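Structure first, commentary second.
Just so we're clear, the structure is a prediction, and the values are computed from it rather than from any experiment.
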Amino acid sequence: MTTRRWQSEGGFALPLTIFVLMLVTVMLAALMVQVQTDRRIADSSGDLVEALVVAQSGLEGYIAHYDSLAFRPSDGDSLRINVVSGYADVVANVVHQPTDTLLGGIDYILRSRGRLIHPTRGAEPQAVRVVAQFARWEYGTMQVIGAFTAIDGFRCTGPRCGGTFQFTGHDQCLVETSVPALRVPTGGTQAIGPPEADPAAVEGPARNTFDDPDFVGIDWAIIENGAFDPDYRSLTNLNTWSSYLLDGDVTLHDITGAGLLIVRGDAILTGTAFDWQGVLIVGGHVQFEAATTRISGVLVSGMNHQTGSLSGSGGWGDTGTHIDITYDSCAIRNAFRSLSGFALVPGAWMDRWASY
């Protein structure tokens, strides 16, 4: 009887043990499958996030590329931007443009398809993400009210009145347009020259006056508070149509260059020649002491009047000196070329843009 009970109980325990082992094995296998599934989901989610970074980096690289070139992309332009962990193909399409494209305001849709590639996981992209951004191409520009706008006045007094000047308001780029050759503040003390000055020396619409220094359309406070970021803060790499910002009073001796030149203080032009193409904006006054001064574009002086910092009137030098200032809209446009670029439309960024 005892032997039979032991044999019966032993025969029941073995199948139970096998069943429990099988159940544990199945549970462990299911757990491993779940872990692998969760890991794949996590990897895929991570890859999509990385692909988003690649797409956004490509978009920003495309914008920076054209900002550095300072000319706008054509409709349908495409560029591949290589970034860390992949590359992005960016396409620019014009969605709206004005009749005169030189005025800027050209609307684009920029679409960037980012492809994530980890070399250790193969040459094929592990994830793809597409983002888009509406942007507007803007040209830097300024309001021109005169070939030479002297907010601080322009006069010649005393023994230093022997020089000559020639101001031309007829546009040398678009000959059918013109601006006043000289703009000075209203007031009898702001004379353009001695009584014997030749009126023919001011060509185009002659001398014109204004009452408000803000009328020139330049916000000088942006310069004063440091919000303007130029290409250079010294006269470096001239003749490249770059932007230059010089602090304080400066003496410009035998300077030849092209671009946007801003002087926060007074500017004294000396030497054999001062020859500038583009835009010259001076916070204080300009003293013309170079033997020959040529400015092809536009000159504005006395901008410090906007912020309450007054300066003396500009003037020209002794016998033998000559000033030649000519309005040229093409030179002005080229001077602002380095300030042209994409302006992103706020709230117009989209993720998961449709395929293109």
Side-chain angles (χ1 to χ4, degrees), residues 100 102-104 139-156 163-186 190-193 197-210 212-218 220 239 241-244 252 255-263 267 269 273-283 285-286 288 290 292-303 313-316 321-340:
D100 186 356
L102 292 179
L103 297 178
Y139 288 102
T141 187
M142 67 176 290
Q143 176 181 324
V144 178
I145 65 171
F148 177 18
T149 300
I151 300 174
D152 54 348
F154 178 74
R155 60 190 304 176
C156 182
T164 59
F165 59 87
Q166 179 83 19
F167 302 147
T168 304
H170 295 301
D171 192 349
Q172 301 303 295
C173 177
L174 303 172
V175 294
E176 70 275 9
T177 64
S178 62
V179 297
L182 176 65
R183 299 297 295 268
V184 293
T186 303
Q190 307 298 336
I192 65 172
D198 181 4
V202 181
E203 295 185 353
R207 175 186 175 188
N208 207 324
T209 60
F210 59 89
D212 184 1
D214 292 340
F215 178 63
V216 296
I218 300 174
W220 189 247
N239 296 305
W241 295 107
S242 300
S243 58
Y244 309 85
L252 303 174
I255 296 297
T256 299
L260 170 61
L261 174 56
I262 302 175
V263 178
L269 313 182
F274 176 86
D275 195 336
W276 193 263
Q277 288 184 286
V279 178
L280 174 57
I281 303 175
V282 181
H285 67 268
V286 180
F288 300 92
T292 302
T293 297
R294 296 188 186 90
I295 298 175
S296 180
V298 66
L299 167 62
V300 181
S301 66
M303 289 303 305
S313 298
W316 67 91
T321 62
H322 179 68
I323 310 169
D324 189 346
I325 301 175
T326 303
Y327 172 52
D328 190 321
S329 61
C330 288
I332 295 171
R333 186 178 300 117
N334 286 333
F336 281 95
R337 189 173 62 187
S338 64
L339 303 183
S340 301

- Message: Can you tell me which residue among V263, L260, L261 is in a side chain to side chain contact (heavy atoms under 4.5 Å, CB included) with I281?
- Response: L260
- Message: Looking at W276 and G259, would you say the former's side chain and the latter's main chain have a donor-acceptor pair under 3.5 Å?
- Response: yes
- Identify which one of V286, I323, T292, L269 satisfies the side chain to side chain contact (heavy atoms under 4.5 Å, CB included) criterion when paired with F274. L269
- Query: In Å, rounded to the nearest 0.5 Å, how long is the span from CE of M142 to CG of L339?
  - Reply: 12.0 Å
- Are T164 and H322 close enough that a side-chain donor and a side-chain acceptor fall under 3.5 Å? yes
- Below 4.5 Å, heavy atoms only, C-beta onward: do V282 and M303 meet side chain to side chain? no
- Task: Would you check if there is a donor-acceptor pair between the side chains of T256 and D275 at a distance under 3.5 Å?
- Result: no
- Of the non-hydrogen atoms in S296 and A331, which two are nearest, and what is the gap between them? O-CB, 3.4 Å
- Task: Looking only at non-hydrogen atoms, find the nearest pair between A181 and F167 and report the distance.
- Result: CB-O, 3.6 Å
- Task: To the nearest 0.5 angstrom, please state how far the OG1 atom of T177 sits from the CD atom of Q172.
- Result: 9.5 Å
- Query: Would a 4.5 Å heavy-atom cut-off, applied to side chains only, mark Q166 and I325 as touching?
  - Reply: no
- Would D171 and S178 count as having a side-chain donor-acceptor pair, cut-off 3.5 Å? no
- Residue pair Y327 / I332: nearest heavy atoms and the distance that separates them: CE1-CD1, 3.6 Å
- Would you say the side chain of I145 lies within less than 4.5 Å of the side chain of V179, judging by non-hydrogen atoms? no
- Message: How long is the straight-line distance from OG1 of T293 back to CZ of F288, given to the nearest 0.5 Å?
- Response: 6.5 Å
- Item | Nearest heavy atoms of A147 and G169, plus distance in Å | CB-CA, 4.5 Å
- Query: Which atoms form the tightest heavy-atom contact between L299 and I295, and what is the distance?
  - Reply: CD2-CD1, 3.9 Å
